[in-house]
Structure formats: structure tokens, C-alpha cells
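A quick write-up on the structure given underneath.
Chain A is the first sequence line, chain B the second, and so forth, proteins listed ahead of strands; every chain is numbered from 1.
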Amino acid sequence: MRPPSMPELPEVETTRRGLAPHLEGRRVTTVTLRRPDLRWPIPEAVCVRLPGQRIEAVERRAKYLLLRTAAGSAVWHLGMSGVMRVLPADTPVAVHDHVEVGLDDGRLLRFTDPRRFGSLLWQPVGETHALLAGLGPEPLSDAFTGDTLFAASRGRKAAVKPFLMDQAVVVGVGNIYAAEALFEAGIRPTTPAGRVTRERYQRLAAAVKRILGCAIERGGTTLRDFLNPDGLPGYFEQELFVYGREGEACRVCASALKSLRLGQRATVWCPRCQR
DNA sequence: CATCGGACCTGTTAGC
DNA sequence: TGCTAACAGGTCCGAT
């Protein structure tokens, strides 16, 4: 039904928290590209600049993970199916293992991504990569509020769901969490963004923060298993109200959930709870 | 500028 | 049962 461990923002944050204690303070010894054609070709700078650098911090911006060093940052996106793990140096290589970063403690950071929607970029120190430059506020920060959404939406004719998924409006809200947040806020996904009231945007922003925060907390509970090859924690499926439940009964009012494609994305909502 | 459709990729699932 | 086709999804990019 659902691909396992699809990285939405909570998964990326969980990955960051899991990697940080193993990477911060470590020095990079080697960079090995087994498959340099990810979403974009991996820039040569990653191989040239990263070796020898000490990893100062593991950071996150939107769904990008940044390994920060004095020379710059390796910027990773997990795409649809990417996984990053710290493993013993002698761990056998599998088909979809594309990049390896050797560490001075003898272990390695391995990037695995079957669909290769992921990417690895280089951001020189003091610069902001073009792909990060146009991003909207972090959903869990104080910079993101209902007023933010209200202001950004005036005059917009696009439906509120794709509007909420626009990375220039707010980052990190993917298809699953957009559907769930709109349900929690009682807003129909097809409503033109410019016609949603300020009050309803306040409810929507609150829902986004609550749902993402909750999912990150859940991810945190599996951190101790982070080095396990089983990989990232999955979603808490039993708590989904609409995503993937088209035709099924609404968990609140029992109405049959409706669905359509909005901006090429599966969209499910409750015709009674969401107006 | 806002919006829309196409492209990328492959494991899984539905349909024949 | 075996094969093929559709589907899933984030996000960039080019066209309108």
C-alpha cells in the first residue's frame, strides 16, 4: 500500500538526529561515488573538497540534510527512497548503494537510493546553493504562522493543497502531511488558496505544526535502532485519517472518503468534515 | 508572476 | 502463474 520509509520532513529530521552523534566531530577520509548520476550529477567539488574536512554539524533545511565543514557543506536530498546510514567499513555493498563517505573512526556513511530521486550537492562556505535560496519558512519555526499562509495566498487561484505543498510558501509539507493537515483543519483540498480565510489558515498552520511535530517525536523513539540495516522508521499508519484511505469510512463521521487528482497528486478528503 | 504539465526512476501492485 | 502496465512520490524546469 505505501512505500516504506518515504522521507518526508519528519523522516529527514529523524535521520539528522540519528546521524549527528555519529558524524559530528568526525573527519572525512574518503568519498566514493559508485553511481554519480543521481537526480543531478554529483559535483566534483564533493570529491575534491570534502575529504580531509571535519564534520562540524549535521543540519537540516527543508528536506535537505547538510554535513557542514569549514570548506562548505555536502547537501543531501533523500528524494523518494533515499536512506543514509553509518555502517561498519566492511558492510557489503548492494545494488543501490551509490555514495560512501569514509570516516576517521573506521566506519562509513552510506547513501542508498533505489529510485535515484535523491541528490548530493556542494555548497561552498558562505554561499547558499540555488536550490536552497528560494525556500519558504520552516514549518516548525515561529516564522511560519497562519498569517504567513494568509498573506502568501492572496490572489492565488490554485487549490489550497498544492499551495500548501509549494516549497516557496512553506517547506517540508509533502503529499501525505498536506492531506492530513487539511483534514485536521477541516478545509477542502480543492478550495482556491486565495479564498481561504485567515482564521482557517490559522487552524491549518496549527495542524501542520502539530502533525509534523508529532511524527518527529515518534521517529525519535526509534533512534536507538538507527544503525540497524532495517533503516528508517515508517509512518504511524494507524493514525492517518485520509491519506491512502479513498473510499473508506471517515474516522470521524463515517462518510465515504472522496478522492481525485490535484496537481498530479492523489488527494483524499472527507466530504462532510472538510468544507 | 502564477500555473500547469512533463520529466526523472524503479519497486510494488493491479489487471489481463 | 506470468507478464505488462499503471502507479507512487518530491521537486525542478520549461512552456503557457
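For A:Arg115 and C:dC12, the CZ to C1' distance is 18 Å, given to the nearest whole Å. Rounded to whole Å, the distance from CG on A:Leu262 to C1' on C:dA8 is 16 Å. Whole-Å rounding puts the A:Gln167 CD to B:dA2 C1' distance at 17 Å. We find that CG of A:Asp113 is positioned 14 Å from P of C:dG10, with the value rounded to whole Å. Rounded to an integer number of Å, the gap from CE of A:Met165 to P of C:dC12 is 12 Å. In this structure, CG of A:Leu9 is placed 9 Å from P of C:dT11, rounded to the nearest angstrom. Note: CD1 (A:Ile176) to C1' (C:dT11) measures 16 Å, nearest angstrom. Rounded to an integer number of Å, the gap from A:Leu240 CG to C:dA8 P is 16 Å.
Overall, the helix from B:dA2-C:dT16 to B:dC16-C:dG2 carries an axis bend of 50° between its ends, with five pairs at each end and the value rounded to 10°.
A:Phe183 pairs by the ring pair (Phe, Tyr, Trp, His ring centres under 6.0 Å) definition with A:Phe241, not counting sequence neighbours. A:Glu44 meets the side chain to side chain contact (heavy atoms under 4.5 Å, CB included) test with A:Val48; sequence neighbours excluded. With sequence neighbours left out, the side chain to side chain donor-acceptor pair (under 3.5 Å) criterion links A:Glu100 to A:Arg34, A:Arg110. Partners of A:Ser73 according to the side chain to side chain donor-acceptor pair (under 3.5 Å) rule, which considers only residues two or more places apart in sequence or in another chain, do not exist here. The ring pair (Phe, Tyr, Trp, His ring centres under 6.0 Å) search around A:His98 returns none, not counting sequence neighbours.
Among residue pairs with one or both ends in residues 254-275 of chain A, those qualifying as side chain to side chain donor-acceptor pair (under 3.5 Å) are A:Lys161-A:Thr267; sequence neighbours excluded. Applying the ring-ring contact (aromatic ring centres under 6.0 Å, His included) rule to pairs touching residues 52-75 of chain A yields A:Tyr64-A:His77, sequence neighbours excluded.
Here A:Arg261 reaches the OP1 or OP2 of C:dA8: one of its side-chain N or O atoms lies under 4.0 Å away. Between A:Tyr177 and C:dG10 there is no side-chain polar atom (N or O) within less than 4.0 angstrom of OP1 or OP2. Note on A:His77: every side-chain N or O is 4.0 Å or more away from OP1 and OP2 of C:dC12. Distances shorter than 4.0 Å separate none of the side-chain N or O atoms of A:Arg116 from OP1 or OP2 on B:dC8. Phosphate contact (OP1/OP2 of C:dT11, side-chain N/O of A:Lys63, threshold under 4.0 Å): present.
Judged by distance alone, with hydrogens and angles left aside, A:Arg265 brings a side-chain donor or acceptor within reach of the base of C:dT11, the pair sitting under 3.5 Å.
Using a 4.0 Å heavy-atom distance criterion, A:Phe163 is classed as making no nucleic acid contact. When heavy atoms are screened at a 4.0 angstrom cut-off, A:Gln264 is found touching base atoms of the nucleic acid.
Donor-acceptor pairing under 3.5 Å is lacking for the side chains of A:Thr29 and A:Asp104. Of the N and O atoms on the side chains of A:Asp147 and A:Gln202, at least one donor lies less than 3.5 Å from an acceptor on the other residue.
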What nitrogen or oxygen pairs link the protein and nucleotides 13-16 of chain C at under 3.5 Å?
none

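Remark: side-chain polar atoms of A:Glu138 are not paired, donor with acceptor, to backbone N or O of A:Arg61 under 3.5 angstrom.
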